[in-house]
Q: 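One structure, as structure tokens, below. Some questions next.
In this chain, residues are counted from 1 in sequence order. Quick caveat, the model's predicted, so the values are computed rather than measured.
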Amino acid sequence: MCSPDFFDIEYEINPWMSTDNQVDPKLAKRQWQELYHTYTEKLGWEVDLVTPVKNLPDMVFTANGALVIDGKVALPTFRAPDRQPETGHFKKWFEDNGYKDFLQPKYDFEGEGDALVWNDTVFTGYPWRSDKASENELKAFFGKRVVGLQLTDARFYHLDTALTIVDQETVAIYPPLFTDESRKTLHELVPHVIEASKADAYAYGLNAMSDGNNIVLSDRATGLIAQYKKRGMSVYPVPISEFQKSGGGVKCLTLELRA
Ligand code: ARG
């Protein structure tokens, strides 16, 4: 994770962002701390921190900082020019922490924001912020099956805003956010596909972190919260209003380090 010390809206690179709709820095800090506290204290998850950098307000969204599988690191090749300087800072963190195997994709690829790992498969999202062509680079680098999913709505521009990996047999989606073909692919591959309501999708409830038993998500996604509870999961609702002004939520604020 990355503390929101320099988080604000300095440019507009997705439909949620407006320089006229500024974040409340104190509230953003409180919300971020609540997420950090939920991970570390309530769930006992280990969290490392990358140092925030002035004038890189979106560095707080570490999901875009890489995709890490088996200790191998695919760095982001940001489509958004404003975010391109982040890559070097993320790379430095990985180097300082002993990671050695890097891929710098030739095609646009915005890290875990557009690449969600489900068992031995990586689901990738396009076309808004990552190129479909980056799929082959990821396939060759990680040696995993990579399945591209086409997103339909600019407000849900990263895959992690439209799809949650819930457990080894389950994902959650808001169906209209995918083309018919991509939705069909998901149903063919994944045994259980939970459907979120439009309201929950717009509350960024799909931008969630799950370990299969525990799930952390936006406190306004009341329908999903009820569905997860009914499945017997432990649910941790958190406020994310300030980050949603930038088009981000729980998952965007979190990068998973897989060994
Ligand atoms: N303002 C950021 C951007 O548009 C938000 C990133 C959200 N990250 C994510 N993984 N969906 O790039």
Side-chain angles (χ1 to χ4, degrees), residues 1-10 14 16-18 21-54 56-66 68 86 90 93 111-113 116 155-156 158 160-167 172 196-197 199-257:
M1 294 178 75
C2 176
S3 174
D5 302 16
F6 304 111
F7 172 60
D8 61 1
I9 314 287
E10 295 177 17
N14 70 54
W16 300 90
M17 299 174 86
S18 160
N21 185 25
Q22 277 303 331
V23 301
D24 172 342
K26 284 206 181 94
L27 183 55
K29 185 93 193 186
R30 274 212 303 280
Q31 293 181 341
W32 184 88
Q33 277 166 342
E34 186 168 338
L35 181 63
Y36 179 82
H37 178 84
T38 301
Y39 289 161
T40 54
E41 301 302 319
K42 296 191 182 164
L43 289 164
W45 294 354
E46 197 184 313
V47 178
D48 290 317
L49 295 174
V50 60
T51 309
V53 178
K54 201 166 186 277
L56 295 179
D58 279 342
M59 213 175 143
V60 68
F61 300 114
T62 52
N64 300 116
V68 187
E86 293 179 33
F90 284 114
W93 185 91
E112 228 184 24
L116 294 171
R155 287 191 158 245
F156 299 84
H158 280 139
D160 69 358
T161 65
L163 184 149
T164 310
I165 305 292
V166 179
D167 63 29
S197 65
D200 284 358
Y202 273 80
Y204 260 29
L206 290 163
N207 195 252
M209 279 294 293
S210 172
D211 67 4
N213 299 309
N214 305 285
I215 188 156
V216 186
L217 76 166
S218 160
D219 60 1
R220 282 171 295 118
T222 49
L224 277 172
I225 290 171
Q227 287 205 62
Y228 293 136
K229 282 190 177 156
K230 217 162 116 193
R231 299 173 68 86
M233 297 181 81
S234 299
V235 184
Y236 298 85
V238 291
I240 52 140
S241 64
E242 298 319 287
F243 298 99
Q244 201 172 355
K245 291 177 181 170
S246 187
V250 169
K251 178 66 195 78
C252 306
L253 293 167
T254 317
L255 174 68
E256 270 186 77
L257 300 172

Q: Under the criterion side chain to side chain contact (heavy atoms under 4.5 Å, CB included), I'd like the reasoning laid out for D160 against C252: C-alpha separation, chi angles, the key distance, then a yes or no.
A: CA-CA 7 Å; D160 69 358; C252 306; 4.0 Å; yes
Q: For residues H158 and G113, report the shortest heavy-atom separation together with the two atoms involved.
A: CB-O, 3.4 Å
Q: Between CG of L43 and CG of D211, what distance do you get to the nearest 0.5 Å?
A: 7.0 Å
Q: Quick one: OG on S241 to CZ on R220, what's the gap to the nearest 0.5 Å?
A: 6.5 Å
Q: Taking the side chain from W93 and the backbone from L49, do they hold a donor-acceptor pair closer than 3.5 Å?
A: yes
Q: Would L224 and L217 satisfy side chain to side chain contact (heavy atoms under 4.5 Å, CB included), going step by step from the backbone distance to the final call?
A: CA-CA 9 Å; L224 277 172; L217 76 166; 3.9 Å; yes
Q: So, the side chain of S246 versus the backbone of G248: is there a donor-acceptor pair under 3.5 Å, distance only?
A: no
Q: Report yes if some heavy atom in the side chain of L253 is under 4.5 Å from a heavy atom in the side chain of T62; otherwise report no.
A: no
Q: What I'd like to find out is whether the side chain of V238 reaches to under 4.5 Å of the side chain of T38, using heavy atoms alone.
A: yes
Q: If you take all heavy atoms of A203 and I240, which pair is closest and at what distance?
A: O-CD1, 3.9 Å
Q: Do M1 and Y39 come within less than 4.5 Å of each other through their side chains, counting heavy atoms only?
A: yes
Q: Would you say the side-chain atoms of S197 pair up with the backbone N or O of D200, donor to acceptor, closer than 3.5 Å?
A: yes
Q: Should E86 and D58 count as side-chain neighbours, where that means a heavy-atom distance under 4.5 Å?
A: yes
Q: Could you walk me through whether V50 and M59 pass side chain to side chain contact (heavy atoms under 4.5 Å, CB included), step by step?
A: CA-CA 9 Å; V50 60; M59 213 175 143; 3.8 Å; yes
Q: Would you confirm whether N207, through its side chain, and V250, through its main-chain N or O, come within 3.5 Å as a donor-acceptor pair?
A: yes
Q: Please confirm whether the backbone N or O of Y204 pairs with a side-chain atom of S218, one donor and one acceptor, at under 3.5 Å?
A: no
Q: Minimum heavy-atom separation for E112 and E256, please, with both atom names.
A: OE1-N, 3.3 Å
Q: First locate atom CD of Q33, then atom OG1 of T40, and finally report the distance between them rounded to the nearest 0.5 Å.
A: 10.5 Å
Q: State whether a side-chain donor-acceptor pair under 3.5 Å links S3 with Y36.
A: no
Q: Is a side-chain N or O of T164 found less than 3.5 angstrom from the main chain of L206, in a donor-acceptor match?
A: yes
Q: Is there a donor-acceptor pair closer than 3.5 Å between any side-chain N or O of Q244 and the backbone N or O of Y202?
A: yes
Q: Nearest heavy-atom pair of A221 and G205: which atoms, and what distance?
A: CB-CA, 3.5 Å
Q: Got a sec, which pairs hit ring-ring contact (aromatic ring centres under 6.0 Å, His included) with one end in residues 217-251, sequence neighbours left out?
A: F7-F243
Q: Given 3.5 Å as the limit, does a donor-acceptor pair link the side chain of W32 with the main chain of L27, or not?
A: no
Q: From I225 CD1 over to I215 CD1, what is the distance, rounded to the nearest 0.5 angstrom?
A: 9.5 Å
Q: Where the side chain of E242 meets the backbone of D24, is there a donor-acceptor pair that is under 3.5 Å apart?
A: yes
Q: Nearest 0.5 Å, please: how far is CZ in R155 from OG1 in T161?
A: 11.0 Å
Q: Does the side chain to side chain contact (heavy atoms under 4.5 Å, CB included) test come out yes or no for F61 and L255, once each step is laid out?
A: CA-CA 8 Å; F61 300 114; L255 174 68; over 6 Å; no
Q: Hey, what do you get for CG (L163) to CZ (F156), rounding to the nearest 0.5 Å?
A: 13.0 Å
Q: Just jot down the salt bridge (Lys or Arg N to Asp or Glu O under 4.0 Å) partners of K29, sequence neighbours excluded, or say none.
A: D5
Q: With sequence neighbours left out, what residues match F6 under ring-ring contact (aromatic ring centres under 6.0 Å, His included)?
A: none
Q: Check A172 against V166 and note the closest heavy-atom contact, atom names and distance.
A: N-CG2, 3.9 Å
Q: Do any N or O atoms from the side chain of K245 and from the backbone of Q22 form a donor-acceptor pair under 3.5 angstrom?
A: yes
Q: Heavy atoms, side chains only, cut-off 4.5 Å: are K251 and V216 in contact?
A: no
